[in-house]
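Since the structure comes first, as structure tokens, the remarks are kept for the end.
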Number of protein chains: 2
Amino acid sequence: MSEPVGLRARKKARTRDAIADAAISLFLARGFDQVSVSDIAAAAEVSKPTLFRYFPTKEDLVLHRFADHNGEAARVVGERRPGTAPIAALHQHFRAGLDRFEPVTGLNDHPEVVAFHRLVFGTPSLAGRLLQYMRDDEDALAAALDPGVRGRLLAAQVIAVQRVLARTNWQKIAAGRTARDVHPEAVADADLAFAQLGRATNHL
Amino acid sequence: MSEPVGLRARKKARTRDAIADAAISLFLARGFDQVSVSDIAAAAEVSKPTLFRYFPTKEDLVLHRFADHNGEAARVVGERRPGTAPIAALHQHFRAGLDRFEPVTGLNDHPEVVAFHRLVFGTPSLAGRLLQYMRDDEDALAAALDPGVRGRLLAAQVIAVQRVLARTNWQKIAAGRTARDVHPEAVADADLAFAQLGRATNHL
DNA sequence: GTTACCGAGTTGCAAAAGCAACCTGGTAAC
DNA sequence: GTTACCAGGTTGCTTTTGCAACTCGGTAAC
């Protein structure tokens with residue numbers, strides 16, 4: 001079940017975590033622009049080149065958590081069970097994310113996660129780079145759906161829907177409500193949105 | 001005052017400590033011969049070749065603490081203040097060691113130190129290697145004292161005296177007495193021994 | 001307006017570590 | 001007695017890291 005990780009792999013993972021943790025905690029404490037990558041490297045007890053070997057840019061120190069979900073939509077479509085419509089598979093996957101209160105869905109009220117969201121959306125360069133991530137995700141999804149314009153159009157709509165759903169959830173959380181409390185509405189919203197999307201698919 | 005240690009040096013020191021600590025604690029728990037170097041490497045999260053890069057033999061995993069004192073006698077003689085006799089300098093240094101309850105003097109009743117002594121003297125290969133360390137120390141001291149036979153003879157006596165003094169202290173500790181309680185006797189013994197040694201020097 | 005500094009990111013090289021496979025001597029099984 | 005295994009220690013090669021010095025764009029001082 002568990003891959004037999006050697007010392008090398010284990011230490012790499014630990015280094016990566018040390019860097020990411022140091023970065024996030026410094027960013028949350030002082031703000032993105034008030035922390036230099038050298039500060040982070042020092043806090044993680046790592047040299048600057050090593051830091052950049054793990055994370056290509058300063059922004060990625062924050063956004064790697066989103067990066068982990070990169071291409072997920074495309075994967076969900078690619079690995080769906082035969083007979084399942086792409087939209088249905090994506091719907092199901094998003095629904096599962098809500099049930100697990102995954103941060104990407106916006107439906108998570110842990111203080112750290114809330115602070116993290118505030119950091120990302122309150123820092124222009126981060127929000128900007130996040131858009132780029134989403135565009136990449138969209139491209140991959142488009143390719144998985146349909147090589148033509150139809151794929152591109154549908155992918156754009158799917159990503160847009162997911163973004164709106166996450167943002168809606170997040171705003172309710174930011175207003176002080178609990179994730180558990182918001183959950184039913186989030187599910188209803190998702191059902192509504194994906195149903196519309198399904199109809200759009202048929203129309204195209 | 002403090003050398004500016006870089007990341008490299010800091011991590012090396014940490015690795016070395018991790019290996020040494022893992023080794024000692026395993027040895028104390030199960031006995032020297034019941035622990036393989038692979039066990040130690042695994043416990044320290046280090047590969048076997050790395051372990052041997054830090055410690056040339058299994059014995060050195062235990063004895064590096066003595067190794068830290070290697071050449072100390074020679075150094076004390078070499079760096080003594082002008083006008084001080086070699087024996088006087090060595091006497092003074094041993095006395096200072098007693099006052100600090102340094103483990104090398106045998107005058108230390110911390111449970112870990114006691115267990116450590118028991119480990120060393122209860123394991124033949126360790127005791128054997130320890131002798132070799134003392135011989136090296138003796139050679140260095142001989143060179144520092146006098147290049148001829150006189151140096152060799154005197155060095156041998158100094159080392160022998162230190163060994164007997166340490167062993168005497170250690171036996172009293174092993175019998176259950178406290179280091180603080182034994183201290184005056186230890187000082188008296190040392191004064192006696194080094195006084196004899198001083199007279200011997202004049203005779204030669 | 002140029003000069004100096006700072007922070008992001010890069011480059012080339014040397015040190016350290018991991019890994020797998022090996023050698024050697026001892027000892028237990030058969 | 002030979003065969004197999006185990007533990008101590010080694011070897012060659014690769015990956016990872018540190019380090020110092022660099023580029024480049026921005027910005028503050030003068």
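Protein chains get the first letters and strands the later ones, always in sequence-line order, with residue 1 at the start of each.
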Return whichever of A:Leu7 or A:Ser36 has its heavy-atom-nearest nucleotide of DNA chain C closer to the 5' end.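 Residue closer to the 5' terminus by nearest nucleotide: A:Ser36.
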Assign each of A:Phe52 and A:Lys11 to its nearest nucleotide of DNA chain C by heavy atoms, then name whichever residue's nucleotide is nearer the 5' end.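 Residue closer to the 5' terminus by nearest nucleotide: A:Phe52.
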Between A:Thr50 and D:dG18, does any side-chain N or O lie under 4.0 Å from OP1 or OP2?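 Yes, because at least one side-chain N or O of A:Thr50 sits under 4.0 Å from OP1 or OP2 of D:dG18.
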Is any side-chain nitrogen or oxygen of A:Thr15 closer than 4.0 Å to OP1 or OP2 of D:dT17?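 For A:Thr15, the contact criterion (side-chain N or O under 4.0 Å from OP1 or OP2 of D:dT17) is met.
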In whole Å, I'd like the distance from the [atom1] atom of [X] to the [atom2] atom of [N].
{"X": "B:Lys48", "N": "D:dG12", "atom1": "NZ", "atom2": "C1'", "answer": "16 Å"}
{"X": "B:Glu59", "N": "D:dA7", "atom1": "CD", "atom2": "P", "answer": "16 Å"}
{"X": "B:Arg129", "N": "D:dG8", "atom1": "CZ", "atom2": "P", "answer": "15 Å"}

When you list every nucleotide of DNA chain C with an atom under 4.0 Å from a heavy atom of chain B, which one comes first 5' to 3', and which comes last?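 Going 5' to 3' along DNA chain C, contacts run C:dA15 to C:dA20.
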Should the pair A:His117 and A:Phe66 be assigned to parallel (<30°), tilted (30 to 60°) or perpendicular (>60°) ring geometry?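 A:His117 vs A:Phe66 ring planes: perpendicular.
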Check against salt bridge (Lys or Arg N to Asp or Glu O under 4.0 Å), A:Arg30 and A:Asp39: CA-CA 11 Å; A:Arg30 316 210 306 250; A:Asp39 293 340; 3.0 Å; yes
Exam field: side chain B:Asn169 to backbone B:Thr105, donor-acceptor pair closer than 3.5 Å: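 Yes; judged by distance alone, with no hydrogens or angles, the pair exists.
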Using modelled atom types only, decide if a donor and an acceptor are shared between the side chain of A:His64 and the backbone of A:Leu61 within a distance under 3.5 Å.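 Checking the backbone N and O of A:Leu61 against the side chain of A:His64, a donor-acceptor pair under 3.5 Å is found.
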At under 4.0 Å between heavy atoms, what does [X] touch on the DNA or RNA strands: base, sugar-phosphate, or nothing?
{"X": "B:Phe55", "value": "nothing"}
{"X": "A:Lys12", "value": "sugar-phosphate"}
{"X": "A:Glu45", "value": "sugar-phosphate"}

With nearest nucleotide decided by heavy atoms, which residue, B:Arg8 or B:Arg53, maps closer to the 5′ end of DNA chain D?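 Nearest nucleotide further toward 5': that of B:Arg53.
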